[in-house]
Amino acid sequence: CSYNRSEARFEVFNLNAGGEPYRYLSTLAEDLKNQNQNLLFAMNAGMYRSDYSAVGLYIEASQQKQKLNTVKQGFGNFHIQPNGVLAWNQNKSIITTTDDYSKLKFNPDYATQSGPMLVINEKINPNFLERSDSFKIRNGVGIKDQTLYFVISNTAVSFYQFAQFFQQQLKVQNALYLDGLISSAYIS
């Protein structure tokens with residue numbers, strides 16, 4: 001699914017009004033419907049701990065819920081370097097590495113940090129192995145000319161294959177891995 005920031009309203013959600021985490025996209029859709037809002041598209045994104053708190057930067061409705069995570073070493077996909085940030089405000093959307101984001105003076109309305117970056121300045125992340133045997137359903141987001149491209153694979157793919165799709169088919173400047181294994185999307 002592709003969306004231009006000027007044509008669509010984007011938000012991130014983690015907890016419902018009662019402070020409970022949205023565990024399923026269908027629960028979010030139902031909750032929004034009860035508030036007379038219509039969810040057109042949703043995708044799980046970002047990395048979370050077992051208590052559903054964000055591992056990295058999380059900003060919702062201009063309120064920072066979790067600070068930028070600049071730890072470079074650790075377990076899991078989040079720590080495959082470089083990781084990155086998807087952020088936007090009323091004027092602009094960005095996908096950039098965590099290091100580059102930390103140097104920006106960008107005031108996002110919404111942001112999520114995830115990892116690894118798939119494509120950086122039109123090049124596939126050099127830490128990916130072309131012949132990797134780690135295949136999973138994966139989802140991610142890329143950006144080109146202020147259009148965000150949300151992608152979920154139909155079959156299990158490697159990081160390299162997934163990044164190659166963003167680079168060669170969509171020709172994005174940058175792309176960020178959002179999730180794997182439990183990747184899901186909601187399209188109305």
Side-chain angles (χ1 to χ4, degrees), residues 1-13 25 28 32 37-47 54 56-62 64 68-70 77-78 80-128 130 137-155 157-180 183-188:
C1 294
S2 63
Y3 298 97
N4 186 292
R5 180 68 195 97
S6 64
E7 301 169 349
R9 183 173 136 215
F10 295 105
E11 295 181 47
V12 292
F13 297 90
L25 298 176
L28 171 62
L32 290 174
Q37 297 181 53
N38 188 24
L39 181 64
L40 299 177
F41 170 80
M43 182 176 278
N44 62 316
M47 302 292 168
L57 180 68
Y58 182 80
I59 297 173
E60 183 178 330
S62 301
Q64 182 173 301
L68 189 69
N69 183 333
T70 57
N77 296 325
F78 182 86
I80 297 173
Q81 295 301 309
N83 56 21
V85 174
L86 162 65
W88 64 92
N89 58 29
Q90 292 181 7
N91 303 313
K92 186 176 183 180
S93 300
I94 62 170
I95 296 173
T96 188
T97 66
T98 296
D99 285 347
D100 287 347
Y101 183 85
S102 70
K103 298 170 192 162
L104 293 176
K105 302 261 190 250
F106 187 70
N107 251 345
D109 295 328
Y110 296 91
T112 186
Q113 185 180 8
S114 193
M117 288 288 292
L118 298 167
V119 176
I120 309 146
N121 299 323
E122 301 178 6
K123 292 183 173 48
I124 293 175
N125 186 328
N127 290 315
F128 296 161
E130 190 170 352
I137 299 293
R138 302 183 190 273
N139 69 316
V141 60
I143 191 167
K144 178 177 148 186
D145 302 326
Q146 287 302 294
T147 297
L148 292 171
Y149 295 87
F150 294 90
V151 176
I152 186 166
S153 63
N154 289 325
T155 60
V157 294
S158 69
F159 273 129
Y160 189 90
Q161 291 169 324
F162 197 49
Q164 203 171 32
F165 177 81
F166 280 99
Q167 181 202 42
Q168 294 178 4
Q169 302 299 314
L170 298 177
K171 300 186 184 322
V172 299
Q173 288 106 4
N174 291 316
L176 178 64
Y177 176 71
L178 295 176
D179 209 346
S183 295
S184 60
Y186 175 96
I187 302 170
S188 161

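Every heavy atom of this structure was used, including side-chain atoms; hydrogens, water molecules and symmetry mates were not. Please read these numbers as outputs of a predicted model, since none were measured by experiment.
To the nearest 0.5 angstrom, L40 atom CG is 10.5 Å from R9 atom CZ. With rounding to the nearest 0.5 angstrom, the CG atom of L86 is 10.0 Å from the CG atom of L57. The distance from atom CG of N125 to atom CG of L176, rounded to the nearest 0.5 Å, is 10.5 Å. Put simply, OG on S62 and CG on N107 are 8.0 Å apart, with the number rounded to the nearest 0.5 Å. Rounding to the nearest 0.5 angstrom, the gap separating the CZ atom in F13 from the CD atom in E60 is 7.0 Å. Interatomic distance, I152 CD1 to R138 CZ, rounded to the nearest 0.5 Å: 12.0 Å.
Closest approach of I95 and V141 over heavy atoms only: CD1-O, 3.6 Å. When all heavy atoms of S153 and F162 are compared, the closest pair comes out as N-CE1, 4.3 Å. Annotation for F78 and Q81: closest pair O-NE2, 4.3 Å, computed over non-hydrogen atoms. The two residues L118 and A163 have their closest heavy-atom pair at O-CB, 3.5 Å. Between L148 and S93, the closest heavy-atom pair is CD1-OG, 4.1 Å. When all heavy atoms of N44 and L178 are compared, the closest pair comes out as O-CB, 3.9 Å.
Counting heavy atoms from C-beta on, the side chains of N69 and N83 never come closer than 4.5 Å. When side chains are defined from C-beta on, N174 counts as touching N121, because their heavy atoms get closer than 4.5 Å. Counting heavy atoms from C-beta on, the side chains of L170 and K144 never come closer than 4.5 Å.
Residues satisfying the side chain to side chain contact (heavy atoms under 4.5 Å, CB included) test with L104, not counting sequence neighbours, are I94, T96, Y101, F106. With sequence neighbours left out, Q161 forms a side chain to side chain contact (heavy atoms under 4.5 Å, CB included) with F135, V157, S158. Judged as a side chain to side chain contact (heavy atoms under 4.5 Å, CB included), and not counting sequence neighbours, the contacts of S2 are T147, Y149. For S114, the side chain to side chain donor-acceptor pair (under 3.5 Å) criterion is met by no residue, not counting sequence neighbours.
In this pair, F159 and F128 present their aromatic rings parallel. The plane angle is below 30°, not in the 30 to 60° band. Ring geometry for W88 versus Y110: interplanar angle under 30°, hence parallel rather than tilted (30 to 60°).
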- Message: Set out, in order, the CA-CA distance, both residues' side-chain angles and the distance that settles side-chain contact (heavy atoms from CB on, under 4.5 Å) for Q173 and D145, then state yes or no.
- Response: CA-CA 8 Å; Q173 288 106 4; D145 302 326; 3.7 Å; yes

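Heavy atoms of other residues, nucleotides or ligands lying less than 6.0 angstrom from CD of Q168 number more than 12.
Applying the salt bridge (charged side-chain N to carboxylate O under 4.0 Å, His left out) rule to pairs touching residues 109-126 yields nothing, sequence neighbours excluded. For residues 90-108, the pairs satisfying salt bridge (charged side-chain N to carboxylate O under 4.0 Å, His left out) are K72-D99, with sequence neighbours left out.
With D179 contributing its side chain and N139 its backbone, the two residues share no donor-acceptor pair below 3.5 Å.
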